[in-house]
Amino acid sequence: MNRAAPVGAMRLSSYDQQKTDQAVKSLFTLLNRDRLIQPGQKITVKPNLLMKRRPEEVTTTHPAVVRAVIRHLISLGVNPADITLADSPGGLYNHAALQGIYSATGMREVAEETGICLNDDYSSLEREAPNAARCHGFPLIRPVAEADLVISVCKLKTHCMTGLSGGVKNLFGTIPGLTKPDYHWRYPDKADFGRMLVDLCETVAPAITLCDGVEAMEGDGPSSGKKKEVGLLLASESPYRLDRALCKLMGLQEETVPTLTAAVERGFLPKEGEVELLGDSLPEITPFLPPATASSDFSSFLPGFLRGFFKPVVEKWFTARPYVGKGCVGCGKCAESCPAHTITIQNHRAVIDPSRCIRCFCCHEMCPIHVIGVRRNPLLKL
Ligand code: SF4
Ligand code: SF4
């Protein structure tokens, strides 16, 4: 992976298929990625399929972008049977869960039209992560572990825990199903979680990462935010450079994104500096609305020697917490994804025991009807 690679950008005002095909082709050409693609390779395309949502709900990568990537690979001589579309969304990773997600998100239609395979193998393989900073090995979903090339196609969204759901975070979906909450449990500190994600990014090492920023999500992403029209497709060989460009576009402070601070720590990104941009310029847009969890943890802005002292105070008084609002139907999806096992279903309603909560906001992310809210200290709203 060339971590210093430029970022390509193409303006795209809608998901018109012909224009999307052209934009994706231009990005591959601009970034000189066509030379990597050869007939006979096993290629896995990894979109963001977080949950069972329709494309217009802007939670998942739009099928027009995924279709354009696949058509481009086929135009370069790749046999459709050698292309697999795979992701491990939030929640269970099995046939029943994935078939529903493929249909709702439009991926089934893409596969039927192009002749590629939708992953239906829910096993995983261990992969070592040499030179890792935190995590020295990962179980990866089989189509990612066995691929000659991985192409990541993320969605431009804010994220309640990591600030940004971009290129690096998209790879969390290469870890199978309910193993993901274990990683939240092992790395409850945001900075450590970011370091683990960078270790994972180095292990998966996608050949190219594209970002669907035509219609994005702001506010309480990655699943409960609002749609924001941005009109842009981006791509890079470096997920770190791509995410830096996304922060600039969104008006997001890089210091609040743990994957970027971890990439800087590892020397994968210079501390400061402009990203080299090819293609179109970034559009001038109003900054993205931050998630309700943003700015509640300001301890990362304190000098290192003060952090240890203030952390317990910050955690007790200023950190945002999840709460179960009205309308809970007791489906248990939040409890299933809670790494701290601190949610129980009582009388058909979720109940959170706050004393064990590690504030990962997986419950907020996974509630299909958005009834888990985020409560901030009232002082922070002043
Ligand atoms: S809070 Fe949401 S996910 Fe949890 S049980 Fe209620 S409806 Fe289901
Ligand atoms: S209650 Fe929600 S925020 Fe707290 S640990 Fe469980 S999933 Fe994470």
Side-chain angles (χ1 to χ4, degrees), residues 49-53 57 59-60 88-94 96-97 100-101 104 157-165 169 172-173 175-194 196-197 219-225 256 258-259 290-297 299 311-312 314-377 380:
L49 302 183
L50 179 66
M51 61 205 308
K52 194 174 168 183
R53 290 273 170 86
E57 294 178 271
T59 308
T60 50
S88 164
L92 295 171
Y93 180 56
N94 59 25
I101 290 176
K157 298 184 288 182
T158 46
H159 194 287
C160 276
M161 188 198 179
T162 55
L164 166 71
S165 174
K169 179 68 176 60
F172 199 38
I175 294 181
L178 296 179
T179 313
K180 287 194 282 297
D182 288 348
Y183 285 82
H184 281 288
W185 184 243
R186 281 165 65 184
Y187 305 103
D189 177 77
K190 234 161 68 163
D192 266 342
F193 191 73
M196 178 278 293
L197 286 174
D220 285 346
S223 62
S224 303
T256 62
T259 45
T293 48
S295 76
S296 56
D297 180 3
S299 60
K311 204 166 172 50
V314 168
E315 279 186 1
K316 180 156 186 200
W317 296 106
F318 295 102
T319 310
R321 289 170 194 285
Y323 70 92
V324 182
K326 284 188 187 146
C328 170
V329 294
C331 69
K333 292 248 183 260
C334 53
E336 184 182 277
S337 301
C338 174
H341 304 291
T342 193
I343 305 178
T344 48
I345 306 298
Q346 299 174 19
N347 298 324
H348 309 292
R349 185 180 158 79
V351 176
I352 299 175
D353 170 0
S355 66
R356 290 190 296 148
C357 171
I358 59 169
R359 293 172 292 281
C360 62
F361 300 101
C362 292
C363 50
H364 174 265
E365 184 173 326
M366 293 315 298
C367 177
I369 54 171
H370 311 299
V371 297
I372 295 198
V374 176
R375 185 168 284 136
R376 298 173 64 190
N377 184 307
L380 291 169

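Counting starts at 1 for both ligands and their atoms, following the listed order.
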Could you measure the distance from the [atom1] atom of [X] to the [atom2] atom of [Y]? Nearest 0.5 Å is fine.
X    : Y    : atom1 : atom2 : result
R359 : D189 : CZ    : CG    : 11.0 Å
E365 : C360 : CD    : SG    : 8.5 Å
C331 : R349 : SG    : CZ    : 12.5 Å

With a 3.5 Å distance limit and no angle check, can you tell me whether [X] reaches the backbone of [Y] through a side-chain donor-acceptor pair?
X    : Y    : value
K157 : P222 : yes
S88  : G177 : yes
D220 : A292 : yes
S165 : H159 : no
T158 : G219 : yes

Any N/O/S atom, backbone or side chain, of C334 lying under 2.8 Å from atom 4 (Fe) of ligand 1?
-> yes
Of V324, V374, D353, I358, the residue with the heavy atom nearest atom 5 (S) of ligand 2 is I358
Which residue from G325, C331, G330 reaches closest to atom 8 (Fe) of ligand 1 through any of its heavy atoms?
-> C331
Side chain, backbone, both or neither: the part of [X] lying under 4.0 Å from ligand 2 by heavy atom:
X    : value
R359 : backbone
I372 : neither
C360 : both

Within less than 4.0 angstrom of ligand 1, does P368 place any heavy atom?
-> yes
What residue and heavy atom of the protein are closest to [atom], and at what distance?
atom                    : result
atom 1 (S) of ligand 2  : T342 CG2, 3.6 Å
atom 4 (Fe) of ligand 2 : C357 SG, 2.4 Å
atom 2 (Fe) of ligand 2 : C363 SG, 2.3 Å
atom 6 (Fe) of ligand 2 : C338 SG, 2.4 Å
atom 7 (S) of ligand 1  : V329 N, 3.5 Å
atom 3 (S) of ligand 2  : F361 N, 3.2 Å

Heavy-atom distances under 4.0 Å are what count here, so tell me which part of V371 touches ligand 1: side chain, backbone, both or neither.
-> side chain
Against heavy atoms of I343, which atoms of ligand 2 measure under 4.0 Å?
-> 1 (S)
Counting only heavy atoms not in K52, do more than 12 fall under 6.0 Å of its NZ?
-> no
Would you indicate whether the side-chain heavy atoms of M196 and F172 approach each other to under 4.5 Å?
-> yes
